[in-house]
Every structure is written in structure tokens, then in C-alpha cells.
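So you know, we letter chains A, B, ... as the sequences are listed, proteins then strands, and number each from 1.
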Amino acid sequence: MIDQKSFSAPLLSWFADQARDLPWRRNYDPYQVWISEVMLQQTQMDRVLGYFQRWIARFPDVQALASAREDAILASWEGLGYYTRARNLHRAARYVVERLGGELPQEHASWLALPGVGPYTAAAVCAIAFNQPHAVVDANVGRVFARVFDLDTPVKERTARDFIAEHALRLTPPGQARHFSQALMELGALVCLPRRPRCSFCPLHDLCEARRLDIVLERPVPAKAVTYIPIDVATGVLMAGGLIYIQKRPTTGVWAGLWEFPGGTIEGAETPEQTLIREYMEETGFRIDNLRKLAVIRHGYTKYRVALHCFCCHLPDNTPQTPPILTAAQEFRWVSPKELDHFAFPAGHRKLIDQTFAGGGFCTE
DNA sequence: GAAGCGTGGGT
DNA sequence: TACCCAAGCTT
């Protein structure tokens with residue numbers, strides 16, 4: 001079995017040389033480490049950096065986050081996806097301020113108790129911010145270990161997970177948890193890549209069993225493939241008097257708490273226009289007319305691949321602007337095109353906004 | 001354990 | 001184009 005020093009020494013040396021200069025690595029402020037870890041869940045570094053800088057400027061510490069409004073938090077998160085993460089950050093910050101005297105915990109178990117903090121994030125924050133030894137196992141580390149130890153089952157399965165966690169902890173040198181845990185993830189992100197591994201640059205080259213057997217691309221063993229479901233959806237920008245109707249989604253489910261234009265899935269033999277008229281009636285009680293096609297926007301979320309059929313639409317003359325019913329939203333507003341920037345929208349709807357109102361407003365009649 | 005929860009970039 | 005991929009958590 002590989003011993004601690006022969007594994008960690010070349011890895012730490014590589015990390016000291018190759019680690020990226022990331023904002024939270026300047027002083028390892030626990031708040032910044034926490035935010036970065038949550039932002040990085042299920043996404044990649046390049047995508048996060050801009051969001052992180054804007055977030056820290058706007059919510060520089062846990063007190064600022066706790067006292068922020070949820071709409072402002074979601075607006076700062078718009079485009080990152082998995083919006084429950086942002087709502088849980090808000091809940092956790094309020095808990096820390098109200099129950100923990102505004103001090104972030106330093107105990108692994110206390111972190112685990114915060115909303116949105118699971119096994120990975122609790123271990124990562126304690127290792128990276130406080131230099132405590134924990135097994136910090138993300139998808140990168142899973143891939144590195146699957147290759148170095150030639151694991152022949154998917155890394156998400158129990159036996160492989162337990163093996164990886166056990167050895168990640170065993171191989172952590174005393175007093176080096178901060179650097180060791182990051183080095184493993186950094187190696188997975190920069191060298192031990194999924195499809196184009198750069199084995200000739202790898203500090204673990206001589207230890208790697210998959211490399212020795214020349215089966216690096218066969219590790220890790222893939223989990224069951226996801227099947228995607230194509231759907232057609234209709235949505236419409238309702239205009240009246242230069243203002244736009246928007247509504248806030250429920251507190252649970254997909255895009256919880258985000259704002260959107262009404263619409264829904266095209267059923268059976270419906271045309272997109274028929275769907276939109278039906279959905280407006282079901283969701284708001286508005287009887288829309290004068291539909292005009294704007295665009296078809298393609299995007300995906302979770303297991304769905306969406307063709308979003310977009311319209312501009314209006315209300316008949318003398319229609320009251322308060323929706324008679326509101327079955328798919330917490331609240332509604334009429335806003336100017338400029339004000340749309342202050343609300344968080346799902347990515348598909350934001351694309352629609354960018355296309356429709358680029359250059360000062362097209363659909364304003 | 002499985003499913004729900006987003007998004008954009010790479011190949 | 002059509003996949004595949006990513007520093008996970010919750011229910």
C-alpha cells in the first residue's frame with residue numbers, strides 16, 4: 001500500500017508550485033472559504049470567480065449576508081443554478097448571527113448542522129479554513145483515487161466512497177490538511193482531467209496503478225448515464241403601458257423564489273400560442289391577445305432539454321391590471337424594462353430579456 | 001438509494 | 001448535434 005510520505009510529498013510540492021492564485025487563498029478567511037465551497041458545488045472554477053468577487057463586495061461578511069434581502073441574494077446568484085444553495089446560505093447566515101453570536105463555527109459537527117452544508121462542504125471548510133484533518137472528497141478527488149488505486153466500481157458507490165475517504169484521511173500529512181486537501185482537488189481539476197489527462201505532468205505518475213496498466217481513460221468507471229427529456233415550453237412577455245408583468249415562483253421546486261414570465265409546457269397537439277393563452281388563464285386569469293412570436297430559445301435544466309417558444313402579448317382594452325387569480329406564484333409586479341435587471345430570472349428567461357430588450361426596448365407597444 | 005435541483009463549456 | 005462534465009445537498 002502507498003505510504004503517506006511517498007504520496008503527499010510530490011503532491012504538496014506540485015501544489016506549492018502550480019496552485020492557482022484564488023481570492024480565498026490569500027488569507028483563508030472562513031466566511032470566504034465557505035462561500036467559495038458552496039459556489040463551486042457542481043460547477044467549475046472559471047464560472048465561479050466573477051460571482052465570488054461580486055458576492056464578497058456585496059456581502060462581505062456573515063452579518064451583511066444575514067441582513068440582506070433574499071431577492072438581492074438571488075439576484076447575485078442568477079445564472080449559477082441550484083438556487084437552493086443561495087437560499088440556504090442566507091438561512092445559515094441568519095442562524096449564525098442569531099444563535100451563534102455572529103461567529104462561524106470551527107467544529108465539523110456544527111458546520112454539518114447548517115442548512116446547505118453536507119459532508120463535502122463541512123470537511124472542506126474545516127480542512128481549508130481551519131487546517132483540520134478531514135477527508136475532502138469531491139468529484140476531482142474521486143477521479144484521482146479511482147485512477148491511482150485502479151478502483152473498478154463507480155466512485156459514488158458505497159465501497160468506493162468509503163475506500164477513498166479512508167485513504168484520503170490516511171494520506172494527509174500531520175499539519176498539512178489545508179494544502180493537501182486542496183492539492184488533491186487541484187490535481188483533478190488541472191492534471192488528472194476526465195478526457196484528456198496530462199499524465200506526463202502528474203506528480204503521482206509513478207504511483208498510479210491505472211497509468212501502469214494503461215487504462216487511465218477507463219477510470220473512473222462511469223455511473224449510470226442520465227437520460228434527457230426534450231420538452232417544448234411556451235412563455236410570453238405581457239406588456240401594458242410600457243410595463244412588463246412578472247411573477248415570483250413558489251418557495252419550493254425548480255427556480256424557487258426566482259421571477260419569471262408566465263407560461264408552461266406545450267401539451268399534446270397544442271400550438272405554442274394555444275398553450276400560452278391557456279397557461280396565462282390558469283396562472284393569472286388574464287385573457288391575453290395580440291400574440292407576436294419573438295424567438296425560440298434553447299436551454300436545459302436538470303434532466304430536461306427545453307425549446308422555449310417566446311412571445312410578446314397584451315391585454316384587451318380596459319382590462320384591470322391585477323390578475324384575478326395567482327396559482328403559480330407568490331406575488332406579481334409590473335416593472336419597466338430597465339427594472340428587470342434587479343430581479344433574478346431563470347437562464348432561459350434572462351436570455352429572452354437580453355434578446356428582447358437589447359438596445360432600449362423593442363416590444364413596448 | 002434514487003430522484004430533484006441549473007447551467008454553460010468542452011469534445 | 002448530442003452528448004459528457006463539474007469543489008453536492010436535500011428529501
Side-chain angles (χ1 to χ4, degrees), chain A residues 19-20 22-25 32-52 74 77-89 91-92 111-129 134-144 154-159 161 168 178 181-190 192-197 217 220 222-230 249-258 260 297-308 344-351:
Chain A
R20 287 169 291 188
L22 303 173
W24 51 90
R25 285 180 178 165
Q32 295 196 9
V33 172
W34 174 39
I35 299 301
S36 73
E37 287 302 334
V38 174
M39 278 190 175
L40 283 161
Q41 289 171 16
Q42 299 292 281
T43 188
Q44 288 162 332
M45 187 65 70
D46 288 349
R47 185 124 183 77
V48 160
L49 286 174
Y51 283 92
F52 179 84
L74 286 173
W77 202 270
E78 187 197 270
L80 264 184
Y82 292 127
Y83 296 93
T84 297
R85 292 183 294 166
R87 294 150 53 80
N88 279 337
L89 279 175
R91 290 173 55 204
W111 277 99
L112 212 45
L114 295 179
V117 176
Y120 167 77
T121 305
V125 171
C126 287
I128 296 170
H134 291 282
V136 183
V137 182
D138 68 345
N140 287 307
V141 178
R143 187 170 56 254
V144 170
V155 293
K156 296 235 174 193
E157 285 185 12
R158 186 61 180 274
T159 52
R161 243 186 20 230
R178 166 177 291 160
S181 58
Q182 292 185 94
L184 271 178
M185 293 190 279
E186 198 89 337
L187 188 71
L190 298 181
C192 197
L193 299 169
R195 309 214 213 173
R196 292 277 184 273
L217 290 179
K224 194 181 67 174
V226 185
T227 54
Y228 292 100
I229 303 168
R249 292 181 61 88
T251 56
T252 58
V254 67
W255 300 306
L258 272 68
E260 66 173 3
I297 291 171
R298 297 186 185 280
H299 70 113
Y301 69 96
T302 66
K303 62 182 178 179
Y304 299 104
R305 292 299 170 263
V306 180
L308 185 64
F345 287 84
H349 287 223
R350 178 57 71 187
K351 288 178 193 169

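By the 4.5 Å heavy-atom criterion applied to side chains, A:Gln41 and A:Asp138 are not counted as neighbours. Residues A:Leu80 and A:Met39 have side chains in contact (heavy-atom distance under 4.5 Å, counting atoms from C-beta outward). Between A:Gln32 and A:Phe52 the shortest side-chain heavy-atom distance falls below 4.5 Å.
If you take CD of A:Glu260 and C1' of B:dG6, they are 15 Å apart, rounded to a whole angstrom. C:dC5 atom P lies 19 Å from atom CG of A:Leu40, rounded to whole Å. For A:Tyr83 and C:dC9, the OH to C1' distance is 17 Å, given to the nearest whole Å. In this entry the distance linking OH of A:Tyr304 with C1' of B:dG6 reads 13 Å, nearest Å. As rounded to whole Å, 15 Å separates atom C1' of B:dG6 from atom CD1 of A:Ile229. The separation between A:Leu217 atom CG and C:dC4 atom P is 15 Å, rounded to whole Å. Protein atom NZ of A:Lys303 is 18 Å distant from nucleotide atom C1' of C:dC3, rounded to whole Å. In this structure, the NZ atom of A:Lys351 is 8 Å from the P atom of B:dT7, given to the nearest Å.
Among the atoms of the strands shown, base atoms are found under 4.0 Å from some heavy atom of A:Glu186. Among the atoms of the strands shown, only primed sugar atoms or phosphate atoms (P, OP1, OP2) are found under 4.0 Å from some heavy atom of A:Gly79. At a threshold of 4.0 angstrom between heavy atoms, the contacts of A:Pro115 are confined to the sugar-phosphate backbone, with no base atom among them. Note on A:Ala124: nothing from the nucleic acid sits closer than 4.0 angstrom, heavy atoms only. Backbone-only contact: A:Thr121 has heavy atoms under 4.0 Å from sugar-phosphate atoms and none from a base. Within the nucleic acid shown, A:Val117 comes within 4.0 Å of sugar-phosphate atoms alone, with no base atom in reach, counting heavy atoms only.
Comparing A:Arg161 and A:Thr302 along DNA chain B, the residue whose closest nucleotide (by nearest heavy atom) sits nearer the 5' end is A:Arg161. Along DNA chain B, the nucleotide closest to A:Arg196 and the one closest to A:Thr43 are compared, and the more 5′ of them pairs with A:Thr43. Residues A:Arg195 and A:Met185 both approach DNA chain C. Their nearest nucleotides, taken by heavy-atom distance, put A:Arg195 toward the 5′ side.
Here A:Glu186 pairs with A:Arg25 in a salt bridge; the nearest charged N to carboxylate O distance falls below 4.0 Å.
When the side-chain nitrogen and oxygen atoms of A:Lys156 are compared with OP1 and OP2 of B:dA2, none of them lie within a distance under 4.0 Å. Taking 4.0 angstrom as the limit, A:Gln42 places none of its side-chain polar atoms (N or O) nearer than this to OP1 or OP2 of C:dA6. The phosphate of B:dC5 has neither OP1 nor OP2 within less than 4.0 Å of any side-chain N or O from A:Trp77. Contact check, A:Arg143 against C:dA6: a side-chain N or O comes under 4.0 Å of OP1 or OP2.
A:Tyr301 OH to A:Trp255 CH2: the interatomic distance, rounded to the nearest 0.5 Å, is 4.5 Å.
In terms of polar N and O atoms assigned as donor or acceptor, the side chain of A:Tyr82 comes within less than 3.5 Å of the base of B:dG6 in a complementary pairing.
Neither side chain, A:Asn88 nor A:Arg85, offers a donor N or O lying under 3.5 Å from an acceptor on the other.
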